[in-house]
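Here is the structure we will look at, set down as structure tokens.
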2 protein chains.
Amino acid sequence: MVSLKDVAQRAGVSIKTVSNVVNGYQHVTPAMRERVQRAIDELGYRPNLTARHLRKGRTGIIALAVPELGNPYFAELAGAVIDAAARHDYTVLLDHTGGRRDQELLVCQGFRAHVMDGLILSPIELESEDLLARTDTSPLVLLGEREYDAPYDHIAIDNVAAARLAVRHLVDTGRRRIAFLGAREESARRPAHLRLRGWREELDAAGLPAGDDLVVATEAYGREDGARAMAALLDRGPRPDAVFAYNDTMAVGALRTLADRGLRVPEDVAVVGFDDIDESRFAHTPLTTIAPDKEAIARLAVDCLVDRLAGTAATEPRRARPGHRLVVRDSTVGRR
Amino acid sequence: MVSLKDVAQRAGVSIKTVSNVVNGYQHVTPAMRERVQRAIDELGYRPNLTARHLRKGRTGIIALAVPELGNPYFAELAGAVIDAAARHDYTVLLDHTGGRRDQELLVCQGFRAHVMDGLILSPIELESEDLLARTDTSPLVLLGEREYDAPYDHIAIDNVAAARLAVRHLVDTGRRRIAFLGAREESARRPAHLRLRGWREELDAAGLPAGDDLVVATEAYGREDGARAMAALLDRGPRPDAVFAYNDTMAVGALRTLADRGLRVPEDVAVVGFDDIDESRFAHTPLTTIAPDKEAIARLAVDCLVDRLAGTAATEPRRARPGHRLVVRDSTVGRR
DNA sequence: CTGAAAGCGCTTACAG
DNA sequence: CTGAAAGCGCTTACAG
């Protein structure tokens with residue numbers, strides 16, 4: 001490996017001068033700059049970033065941990081984070097947790113990837129107590145609809161409002177029996193999903209039923225889970241005339257089951273998803289869905305982290321709410 | 001930050017001893033180990049990986065660069081690479097190139113992410129000359145169907161054979177006018193797609209037409225591109241009774257267009273994709289497709305890289321061929 | 001089985 | 001505008 005020292009020797013100058021040239025400092029005579037540059041080119045010198053990082057105390061790497069890259073929402077989000085980070089000269093180390101608490105803990109304790117300046121984490125199972133017990137001191141920004149009593153920046157759209165918007169659309173288009181697909185089992189410690197809460201609030205406001213018989217719990221949030229949840233719902237009792245799925249992949253699974261059962265969408269059952277992944281636009285029955293502003297989410301998360309890293313952020317945790325909108329497609333209003 | 005020195009001071013031993021404990025070396029008396037461990041716990045010491053990396057000359061990070069995380073195939077593959085890397089205690093830095101040559105060059109020159117021991121790259125536009133001009137000396141493993149005259153490990157399924165398998169299936173099920181969606185514009189320097197070659201070979205073998213009127217070139221390989229390509233094909237002339245798409249996302253786009261035109265799949269037009277992404281299984285008309293062994297691809301790529309890094313690999317470039325199989329679904333044979 | 005020293009390649013004060 | 005020295009936190013020979 002070619003080091004600064006080699007270049008300095010070749011150019012007949014001190015290491016510092018080479019460093020100045022490499023880092024583009026002012027106050028280097030053009031002649032000197034050129035001489036050093038020639039030595040650099042001849043030797044094919046490339047700075048050793050590890051050494052620079054050790055010296056500067058930062059690595060230029062931020063980590064992003066999402067539950068599952070197989071879920072297009074997170075894949076698309078990861079792409080946006082990579083782009084946002086690049087604009088700040090940061091590179092992104094990617095990890096996935098499978099939405100398992102132990103993995104989330106590991107990641108947030110920095111065990112898997114301690115070579116990072118900060119972390120953006122989209123947790124599923126993690127608890128507030130886990131966050132409070134965190135010993136790693138690098139900045140952490142949380143993503144998503146879980147709410148925590150812990151002093152960390154948190155970026156999430158208004159999930160309750162978004163869910164209400166989706167349900168209102170179903171109510172407005174004449175649906176009266178609206179189910180929810182994808183609630184996790186509730187417990188005292190783990191607050192119910194905000195999306196589930198929004199579903200319930202809007203139905204209550206409309207005076208429509210919002211009982212447990214209209215809610216299907218699932219283990220995960222993939223297409224298969226959506227398909228099974230839809231089947232369970234249909235087997236369970238009186239058919240709903242609409243379903244609001246936790247996310248688009250589940251909604252796609254629900255469409256699959258409805259097709260298998262010979263039910264028409266939206267005539268028999270309307271379907272609304274959440275995430276607006278590209279796939280939803282191209283589904284056989286294009287999916288009505290909530291579109292979170294993914295670019296804004298990624299940008300805000302990276303900005304927050306960069307502010308923390310620069311020490312320019314306020315002390316108290318930041319709470320940012322990127323926008324969202326309802327995208328109406330055939331799965332609720334038929335061919336227009 | 002707590003350093004080895006602090007721990008040594010606290011425990012009243014030398015730095016070396018602490019290092020021995022941290023690294024789990026033998027030949028440390030249990031009493032000593034415990035004393036040091038207590039100091040570590042009390043101070044909350046965490047090793048500085050950057051320093052370790054500088055000293056050892058490696059970072060424990062490998063980079064993976066794919067064209068587009070929005071394509072589920074690459075997202076799913078990235079997940080598999082992360083898992084495979086974790087088994088070797090490597091962390092994955094993720095980058096996407098947009099399939100643009102300049103970005104691919106940048107990545108393969110190590111400019112974006114020089115903090116890595118090696119790189120796995122799935123190129124689209126990169127040329128052999130770019131690879132030959134590469135100055136970065138870190139190991140590089142190539143992925144995918146492009147073929148290069150450059151001394152690098154290359155992991156790819158047998159794309160020609162896989163394409164022939166897909167086309168044979170169409171021929172065997174009675175199709176006679178089989179189109180290809182997603183050929184890039186050809187040039188002298190840029191060899192035609194292997195999948196296109198397989199399509200042509202199999203049609204030739206079957207004595208069926210394989211003219212340019214059955215090939216639609218596209219700019220990219222997303223759902224939208226597939227939809228447009230299918231529309232162009234239908235507008236162009238006599239309707240084909242089958243299409244073989246470059247990948248599943250394009251096939252999904254083709255399904256969209258066929259539905260919009262009121263054509264039935266597979267009765268009017270059969271569709272075969274390539275990649276076997278989860279989405280394909282759940283499409284309204286589940287998609288027949290080629291399933292590359294993604295786990296094997298990821299594992300082989302990481303193994304290759306790890307071998308290079310360990311210096312245990314042979315000098316000549318390795319060429320690995322993970323398996324693939326045809327998955328038959330409704331888009332070619334209807335409901336079974 | 002443990003200690004003292006050197007050095008990975010860089011940047012940061014400090015001189016001049 | 002340029003140079004010589006110190007040090008980021010670790011591991012690796014080398015002694016003892």
- request: Just compare C:dT2, C:dG9, D:dT2 and give me whichever is closest to any side-chain atom of A:Met32.
  value: D:dT2
task: For residues A:Val13 and A:Val21, determine if any side-chain heavy atom of one lies less than 4.5 Å from a side-chain heavy atom of the other.
output: no
- prompt: DNA chain C: A:Ser19 or B:Ala51, which has the more 5' nearest nucleotide?
  reply: B:Ala51
- prompt: Separation of B:Tyr25 atom OH from C:dG3 atom P, in whole Å?
  reply: 16 Å
- line: Against the side chain of A:Leu54, the closest entry in D:dT11, C:dT11, D:dC8 is D:dC8
- request: Answer yes if the side chains of A:Arg318 and A:Tyr152 hold a donor-acceptor pair under 3.5 Å, and no otherwise.
  value: no
- prompt: Paired with C:dG16 by Watson-Crick or G-U wobble geometry, both distances under 3.5 Å: which nucleotide is it?
  reply: D:dC1
- prompt: How would you label the contact of A:Lys56 with the nucleic acid (heavy atoms, under 4.0 Å): base, sugar-phosphate, or nothing?
  reply: sugar-phosphate
query: Taking only N and O in the side chain of B:Ser14, is any of them less than 4.0 Å away from OP1 or OP2 of C:dG3?
result: yes
Nearest-nucleotide pick for B:Arg52, side chain only, options being D:dT11, C:dC10, C:dG3: D:dT11
- request: Give the rounded distance in Å between these two atoms: CZ of A:Arg58 and P of D:dG9.
  value: 16 Å
message: On the nucleotide D:dG3, are OP1 or OP2 found under 4.0 Å from the side-chain N or O atoms that A:Thr17 carries?
response: yes
task: Compare side-chain N and O positions of B:Asn20 against OP1 and OP2 of C:dT2 and report whether any pair is under 4.0 Å apart.
output: no
field: Selection from C:dA13, C:dT11, C:dC10 that lies nearest to any side-chain heavy atom of A:Asn23
entry: C:dT11
- prompt: Is the closest side-chain donor-acceptor distance between B:Asp149 and B:Ser128 under 3.5 Å?
  reply: no
- prompt: What's the CZ-C1' distance between B:Arg46 and D:dC10, to the nearest Å?
  reply: 16 Å
Interatomic distance, B:His53 NE2 vs D:dC10 P [rounded to whole Å]: 12 Å
- request: Ignoring the backbone of A:Ile15, work out which of D:dC10, C:dT11, C:dT2 is nearest its side chain.
  value: C:dT11
- prompt: Rounded to the nearest 0.5 Å, how far does CZ of A:Arg38 lie from CZ of A:Arg10?
  reply: 10.0 Å
message: In this structure, how many angstroms lie between the C1' atom of C:dT11 and the CG atom of A:Leu49, rounded?
response: 13 Å
task: For A:Lys16 and D:dG7, give me the distance from atom NZ to atom P, rounded to whole Å.
output: 17 Å
query: If you check every side-chain atom of A:Val28, which of D:dT2, D:dC10, D:dT12 has the closest atom?
result: D:dT2
- request: Report yes if at least one side-chain N or O of A:Thr29 is closer than 4.0 Å to OP1 or OP2 of D:dT2; otherwise report no.
  value: yes
message: Whether the side chain of B:Asn48 engages the backbone of B:Arg46 through a donor-acceptor N/O pair (distance < 3.5 Å, no angle test) should be reported.
response: no
- request: Check every atom of D:dT12, D:dC10, D:dA6 against the side chain of A:Arg55 and return the nucleotide holding the closest atom.
  value: D:dA6
